[in-house]
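As structure tokens, the structure follows; a few thoughts come after it.
Atoms within each ligand, like the ligands themselves, are counted from 1 in listed order.
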Amino acid sequence: MRFNSVFISSFLLASVALTARPRSLRLNLVERPANDSSDGIEYGDNWAGAVWHQANGTFESVTGTVTVPDVWGPTNSSATVAVGIDGDTCPNFAMVQVGVKATVTSNGTNYQAWHSWSPADWVLVDIAIFARNVIKLTLTISDATSGFAIIENVSTGQSVRQQLQAGRSGYPLCQQNAEWLLEDFFLNYTQVPLSNFSMVTFTDAKAVGNDSRIYTPQGAIISDIKQDGQVLTSVSVNDSSVTINHV
Ligand SMILES: *[C@@H]1O[C@H](CO)[C@@H](O)[C@H](O)[C@H]1NC(C)=O
Ligand SMILES: *[C@@H]1O[C@H](CO)[C@@H](O)[C@H](O)[C@H]1NC(C)=O
Ligand SMILES: *[C@@H]1O[C@H](CO)[C@@H](O)[C@H](O)[C@H]1NC(C)=O
Ligand SMILES: *[C@@H]1O[C@H](CO)[C@@H](O)[C@H](O)[C@H]1NC(C)=O
Ligand SMILES: *[C@@H]1O[C@H](CO)[C@@H](O)[C@H](O)[C@H]1NC(C)=O
Ligand SMILES: *[C@@H]1O[C@H](CO)[C@@H](O)[C@H](O)[C@H]1NC(C)=O
Ligand SMILES: *[C@@H]1O[C@H](CO)[C@@H](O)[C@H](O)[C@H]1NC(C)=O
Ligand SMILES: *[C@@H]1O[C@H](CO)[C@@H](O)[C@H](O)[C@H]1NC(C)=O
Ligand SMILES: *[C@@H]1O[C@H](CO)[C@@H](O)[C@H](O)[C@H]1NC(C)=O
């Protein structure tokens with residue numbers, strides 16, 4: 001299974017100002033883990049959740065509503081929730097995502113919304129997010145190199161809409177994969193320790209195909225995080241939800 005590690009770049013350098021251009025780091029990729037799916041689950045070191053594999057040009061949008069998890073663990077450990085398009089089977093490493101990163105600091109947990117168009121740096125989104133906020137994450141693709149992301153506070157109905165552009169450093173999408181994920185990201189080619197996290201459930205999870213077909217998580221491929229031979233997550237899906245637990 002391909003795991004496109006879009007998070008290697010430094011978020012310290014990422015742009016908070018929406019108009020600023022994110023820094024480009026072209027060599028943002030790490031070796032993909034071996035495909036180890038003997039039990040029908042795919043394992044990788046950085047990605048847990050449900051992912052669809054379809055033909056080129058299939059996915060036009062993906063959405064899910066998620067309660068921002070509590071996280072705990074060593075300082076600097078982190079966990080990220082996101083929805084994405086591509087990143088798994090597209091041969092050129094393209095992937096677009098929108099999500100929320102939770103990092104354990106010496107002062108408590110820091111929550112940060114972001115989006116990214118791999119392999120360009122991620123772009124930080126200026127919206128205050130805290131544990132247990134209910135947010136709706138949506139990506140809509142206009143074509144292989146542009147689209148938009150929406151982060152909606154479900155409690156208030158307020159939302160932030162961000163234009164997405166592959167730009168100079170983001171690769172064109174295949175629109176082959178749609179996914180709902182919990183991720184253990186990379187910073188400067190080093191994987192951040194995965195924090196423990198309260199149960200993550202994406203509800204109202206669906207992706208829309210080019211013929212208006214609705215793809216629910218049911219039937220998508222299940223993926224778990226395995227590091228040093230240890231499986232760290234447990235994923236279940238039904239026709240509207242994806243649930244990811246730390247084990
Ligand atoms: C991984 O291996 C399984 C079983 O060998 C195979 O069915 C599946 O297509 C492979 N997946 C990828 C993404 O290569
Ligand atoms: C729409 O999706 C189908 C099935 O996934 C794919 O075969 C087809 O090429 C796509 N059409 C366009 C215009 O991209
Ligand atoms: C956490 O990360 C910061 C920034 O990279 C670093 O300065 C600090 O030493 C790290 N702390 C621990 C406990 O790893
Ligand atoms: C922790 O918070 C205190 C008080 O707000 C601040 O002075 C300090 O710089 C913070 N430390 C870190 C590592 O963020
Ligand atoms: C959502 O709105 C609630 C209620 O006003 C607020 O406490 C929370 O910080 C907001 N969260 C986000 C992500 O905007
Ligand atoms: C799918 O699209 C990508 C990007 O345009 C291209 O590199 C790849 O060869 C295509 N794959 C197939 C099977 O057509
Ligand atoms: C990442 O690496 C760059 C270049 O070596 C360095 O400037 C930056 O401080 C590093 N960021 C972190 C968070 O370690
Ligand atoms: C993570 O938290 C869960 C729930 O509290 C707990 O069952 C599990 O043992 C924890 N795992 C680790 C490695 O701390
Ligand atoms: C799907 O799972 C979610 C989360 O566990 C649950 O709330 C929902 O009721 C389930 N839906 C069905 C149709 O079973």
Side-chain angles (χ1 to χ4, degrees), residues 43 45-46 48-81 83-92 94 96 102-104 109 131-132 134-137 139-147 154 166 171-184 191-222 224-247:
Y43 295 98
D45 65 1
N46 69 332
V51 53
W52 273 102
H53 290 181
Q54 292 295 101
N56 258 8
T58 298
F59 291 107
E60 298 191 334
S61 74
V62 60
T63 186
T65 297
V66 66
T67 300
V68 175
D70 284 299
V71 301
W72 60 96
T75 297
N76 291 349
S77 66
S78 190
T80 290
V81 292
V83 300
I85 288 183
D86 288 337
D88 200 0
T89 56
C90 187
N92 69 2
V96 63
T103 303
V104 178
T109 304
R132 285 166 248 156
V134 180
I135 55 168
K136 182 177 180 185
L137 301 171
L139 283 175
T140 302
I141 301 310
S142 313
D143 56 44
T145 60
S146 68
V154 172
Y171 297 149
L173 297 175
C174 295
Q175 296 170 258
Q176 290 181 354
N177 313 126
E179 59 266 349
W180 301 269
L181 299 174
L182 180 123
E183 294 177 85
D184 183 12
Q191 193 161 24
V192 169
L194 181 65
S195 57
N196 206 335
F197 51 88
S198 55
M199 182 174 78
V200 168
T201 301
F202 290 92
T203 58
D204 299 322
K206 64 181 179 185
V208 181
N210 63 10
D211 53 359
S212 301
R213 178 180 162 190
I214 304 294
Y215 293 81
T216 76
Q218 194 81 61
I221 290 167
I222 303 300
D224 274 308
I225 294 176
K226 191 186 210 175
Q227 294 177 349
D228 303 323
Q230 292 264 91
V231 177
L232 300 181
T233 57
S234 161
V235 174
S236 60
V237 300
N238 64 22
D239 64 7
S240 61
S241 298
V242 179
T243 297
I244 305 150
N245 278 293
H246 195 292
V247 294

Quiz item: Does Trp180 use its side chain to pair, donor to acceptor, with the backbone of Gly84 at less than 3.5 Å?
Solution: no

Practice problem: Output the list of atoms in ligand 9 that are nearer than 4.0 Å to some heavy atom of Asp239, sorted by atom number. | Solution: 13 (C)

Exercise. Kindly confirm or rule out an N or O of Gln54 lying under 3.5 angstrom from an N or O of ligand 2.
Key: no

Quiz item: Any sub-3.5 Å donor-acceptor pair from Asp224's side-chain atoms to Leu232's backbone N or O?
Solution: no

Quiz prompt | Minimum-distance pair of heavy atoms, taken over all atoms of Ala50 and Ile222 | solution = CB-CD1, 4.5 Å

Quiz prompt | Region of Asp211 that comes within reach of ligand 2 [heavy atoms, distance under 4.0 Å] | solution = neither

Quiz item: For ligand 2, which atoms sit closer than 4.0 Å to a heavy atom of Thr58?
Solution: 2 (O), 4 (C), 5 (O)

Quiz item: Considering only heavy atoms of Asn210, which atoms of ligand 2 have at least one such atom less than 4.0 Å away?
Solution: 1 (C), 2 (O), 3 (C), 8 (C), 10 (C), 11 (N), 12 (C), 14 (O)

Exercise. Of all the heavy-atom pairs spanning Asn92 and Pro172, show the shortest one and how long it is.
Key: ND2-O, 2.8 Å

Self-check item: Of Val62, Asp86, Leu173, the residue whose pairing with Ile141 passes side-chain contact (heavy atoms from CB on, under 4.5 Å)
Solution: Leu173

Exercise. Run the salt-bridge test on Arg132 and Asp70 with the 4.0 Å N-O cut-off and return the result as yes or no.
Key: yes

Exercise. Please list, by chain and number, the protein residues whose heavy atoms come under 4.0 Å of ligand 8.
Key: Trp72, Asn196, His246, Val247

Quiz prompt | Donor-acceptor pair, side chain of Ser241 and main chain of Asn238, under 3.5 angstrom | solution = no

Self-check item: Sidechain-backbone polar pair: Gln176 side chain, Asp88 backbone, donor-acceptor under 3.5 Å
Solution: no

